[in-house]
Amino acid sequence: MSEAQKTDYTSLVPQFLFPDTLPEQEARLETNSLMQRLLAYRQRYEGDPHRPIYHYVNPENTLNDPNGLCFWQDRWHLFYQAYPPEDPRQHWGHAVSDDLIHWRDLPYAIYPNPEECCYSGATLVEEDRVIAIYHGTKVGNMVAVSHDPLLLNWEKLTGAPVIPIASADGSPLPYRVFDPCIWKKGDHYYALSGGTLPHKASGKRTRANFLFRSPNLVDWDYLHPFVEDDIFTLVGDDGACPYFWPIGDRHILLFFSHMSGGQALLGDYDTERDKFVVTSQHDFNFGAFGPGGVHAPSATPDGKGGVYVIFNMNPAKPTEGWNQIMTLPRRLTLQGTDKIGRDTLLVEPAGDVESLRSEHRQITDMVLPANQEIVLGSIRGNAIELMAEIETSDAPMVELNVLRSPGKEEFTRIAFYRERGFRDWERYQGWQRDKLAAATDSLISIDSSYSSLSPDVRSRAPETGPVFLERDEPLRLRVFVDRSVVEVFVNGRQCVAMRVYPEREDSVGVSMRAQGQDARVVSLEAWQMEDIYK
């Protein structure tokens, strides 16, 4: 036994054993002292101007990676790295939802000991239980199981790490023991552990994920590095917070890089060799992971061939008593092959977000005169959804400004650049102008350079992602503004997101502008969004 395993890391947070039936659990939660504390903590932040009202934020203190998103007994469960105020080491926080949008806090799920902290991991739902695998700092990767209706009670198998962080004799390991995920194939369980490997020539670190196999969740054998033909991730990336799931007739590996944020690899699972052969990649972050960027994923199959994923987002300003937040859940699907035989990853909002809409406003058939900003006087708010269809015509750039103060002292700029991205050489078919355009990505950008007058906000460089639109395809935007977060979905194919912190109370306006030439707003709809915690 290592010295770390001999240390008593028992949590100072109250821990409770709950009954095994749903009515009894609900009754016990009604009077539970920890639940009452979480509710009181949540209420104390109701007036915070930057705390989102329809994105999930944990009830007390800060949070980090989301973990173990899963569907169990007709409910969605979200776990996350929580830092309870009386013992701010990572525990697994817990929330439950019927629709992936309205979340209800539950008591902390997994507490540290024998590990110092309960770091990131994933879940696997079986017929009679849910399995959690996660990294226990200083000892290794742990497995815990739960079978009760609300996943309130967890038992750690063996009470020790099932994949130790170090070898028994102290010799070097050929793998890294870090953030794991889990799936089952045949009679065996498989687990990935995140990490890096040195580049063969330069020695610099590159993303790696190490594969293990077990017949019983307790005895694990190391097989080999899992991913083949990854020419897409950057030198310096790592494979933290992995989630490996089928999507359509392919597979997807979502992960977090401590350098460049959340991303995913798409490819084929060679089940005979137990290798993942990568064919493409998708970014969810476009630049460094912070400040204000998309962080780590938690993902689970949607039961219809797609994958639901939720990320946490990094802060860009100190906020008293709380910090990171969750994105809206996103549904990832494959469209099938494009004109050159590749799969297209679709990215759309998930869950019943439409249930939050109120106070509808609409604008139709409005010309955007070239080089003239149009303020939309009837559309205002800092917790709103916007849905727009725009014919950009030959305008090289169209912008939508949100969280705009009347004098434009503060505003967050969303800009679309038609055919200003990289040329896709596999799509390219000739030098003629139309063929050249048909091979070129457009760009969607969020710019927070003027989002806040506050001196302690760290502006993020413009978050700019590629999205391919056909030449005659209108721009379709779905924009979610929630106090200090802006998420922009583009034609169901791309999403960019950023944290922003307007200081002025009147920074609630919306405006539009076309650069160089006219554009036309076919329609723009706006809704005020309701508070999911009321």
Side-chain angles (χ1 to χ4, degrees), residues 65 67-68 119-124 131-135 140-143 161-165 172-200 204-215 217 219-260 262-283 296-301 307 309 332 343 345:
D65 305 345
N67 302 135
Y119 261 51
S120 289
T123 55
L124 177 66
I131 301 163
I133 187 169
Y134 65 95
H135 184 61
N141 289 349
M142 310 281 296
V143 170
V162 295
I163 304 178
I165 201 167
L173 296 172
Y175 51 82
R176 174 84 184 273
V177 179
F178 194 48
D179 299 346
C181 70
I182 186 171
W183 70 93
K184 192 173 187 180
K185 178 171 69 76
D187 296 328
H188 284 80
Y189 296 95
Y190 289 78
L192 285 185
S193 187
T196 63
L197 282 172
H199 184 264
K200 292 180 180 178
K204 294 183 178 180
R205 78 175 202 167
T206 58
R207 183 222 46 77
N209 292 94
F210 305 99
L211 185 65
F212 298 81
R213 182 173 61 195
S214 171
L217 296 174
D219 305 299
W220 292 87
D221 295 319
Y222 172 61
L223 299 182
H224 46 242
F226 184 53
V227 180
E228 280 189 348
D229 297 334
D230 174 15
I231 61 171
F232 303 98
T233 51
L234 301 174
V235 171
D237 280 337
D238 61 315
C241 305
Y243 286 84
F244 183 67
W245 295 118
I247 182 169
D249 59 356
R250 314 291 301 286
H251 274 73
I252 189 169
L253 174 62
L254 297 114
F255 63 96
F256 169 67
S257 163
H258 287 81
M259 182 179 74
S260 56
Q263 52 190 290
L265 296 171
L266 286 162
D268 298 304
Y269 183 15
D270 185 335
T271 55
E272 292 186 4
R273 296 189 302 129
D274 281 318
K275 287 279 190 174
F276 180 47
V277 182
V278 177
T279 58
S280 63
Q281 181 254 10
H282 186 95
D283 283 319
S298 185
T300 191
V307 170
V309 61
L332 310 180
D343 289 310
L345 185 69

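Only a predicted model underlies this, so the values are computations on that prediction, with no experimental measurement involved.
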Consider only side-chain N and O atoms of [X] and [Y], and report whether a donor and an acceptor are under 3.5 Å apart.
X: D237; Y: S260; value: yes
X: Y175; Y: S193; value: no
X: S120; Y: N67; value: yes

Side chains of [X] and [Y]: does their closest heavy-atom pair fall under 4.5 Å?
X: I182; Y: L217; value: yes
X: Q263; Y: T233; value: yes
X: Y243; Y: V307; value: no
X: R207; Y: T196; value: no
X: M259; Y: L234; value: yes
X: L192; Y: F210; value: no
X: I163; Y: P180; value: no

Looking at [X] and [Y], what are the two nearest heavy atoms and their distance?
X: A191; Y: I133; result: CB-CD1, 3.8 Å
X: G262; Y: F256; result: N-CD1, 4.0 Å
X: P242; Y: N209; result: CB-ND2, 3.7 Å
X: S298; Y: G68; result: OG-N, 3.2 Å
X: L254; Y: V309; result: CD2-CG2, 4.0 Å
X: G267; Y: T279; result: CA-OG1, 3.7 Å

Interatomic spacing from [atom1] in [X] to [atom2] in [Y] - rounded to 0.5 Å:
X: R176; Y: R205; atom1: CZ; atom2: CZ; value: 8.5 Å
X: Y119; Y: D179; atom1: OH; atom2: CG; value: 9.0 Å
X: L265; Y: I231; atom1: CG; atom2: CD1; value: 10.5 Å
X: I252; Y: L345; atom1: CD1; atom2: CG; value: 5.0 Å
X: L197; Y: H199; atom1: CG; atom2: NE2; value: 11.5 Å
X: S214; Y: H188; atom1: OG; atom2: NE2; value: 7.5 Å

Which residue in the set L253, L332, I247 passes side chain to side chain contact (heavy atoms under 4.5 Å, CB included) when paired with L266?
I247
Hey, mind stepping through N141 and H135 against side chain to side chain donor-acceptor pair (under 3.5 Å) and telling me if it holds?
CA-CA 4 Å; N141 289 349; H135 184 61; 2.8 Å; yes
Matching residue for D268 among R273, K275, R250 - test: salt bridge (charged side-chain N to carboxylate O under 4.0 Å, His left out):
R250
Determine, step by step, whether H224 and F226 satisfy the ring pair (Phe, Tyr, Trp, His ring centres under 6.0 Å) criterion, reporting the C-alpha distance in whole Å, the side-chain angles of both residues, the deciding distance to 0.1 Å, and the verdict.
CA-CA 6 Å; H224 46 242; F226 184 53; 7.4 Å; no
D274/K185 ion pair, N-O < 4.0 Å:
yes
Can a donor-acceptor pair be found, under 3.5 Å and without considering hydrogens, that links the side chain of D238 to the backbone of H258?
yes
Indicate yes or no for a side-chain donor-acceptor contact from W220 to the backbone of V162 under 3.5 Å, with no hydrogens or angles considered.
no
Should F212 and L223 be marked as a side chain to side chain contact (heavy atoms under 4.5 Å, CB included) after you check the CA-CA gap, both sets of side-chain angles, and the distance that decides it?
CA-CA 6 Å; F212 298 81; L223 299 182; over 6 Å; no
Within the 6.0 Å centroid threshold, strictly below: F244 and W183:
yes
Between H251 and F276, does the ring pair (Phe, Tyr, Trp, His ring centres under 6.0 Å) criterion hold? Intermediate values first, please.
CA-CA 8 Å; H251 274 73; F276 180 47; 7.0 Å; no
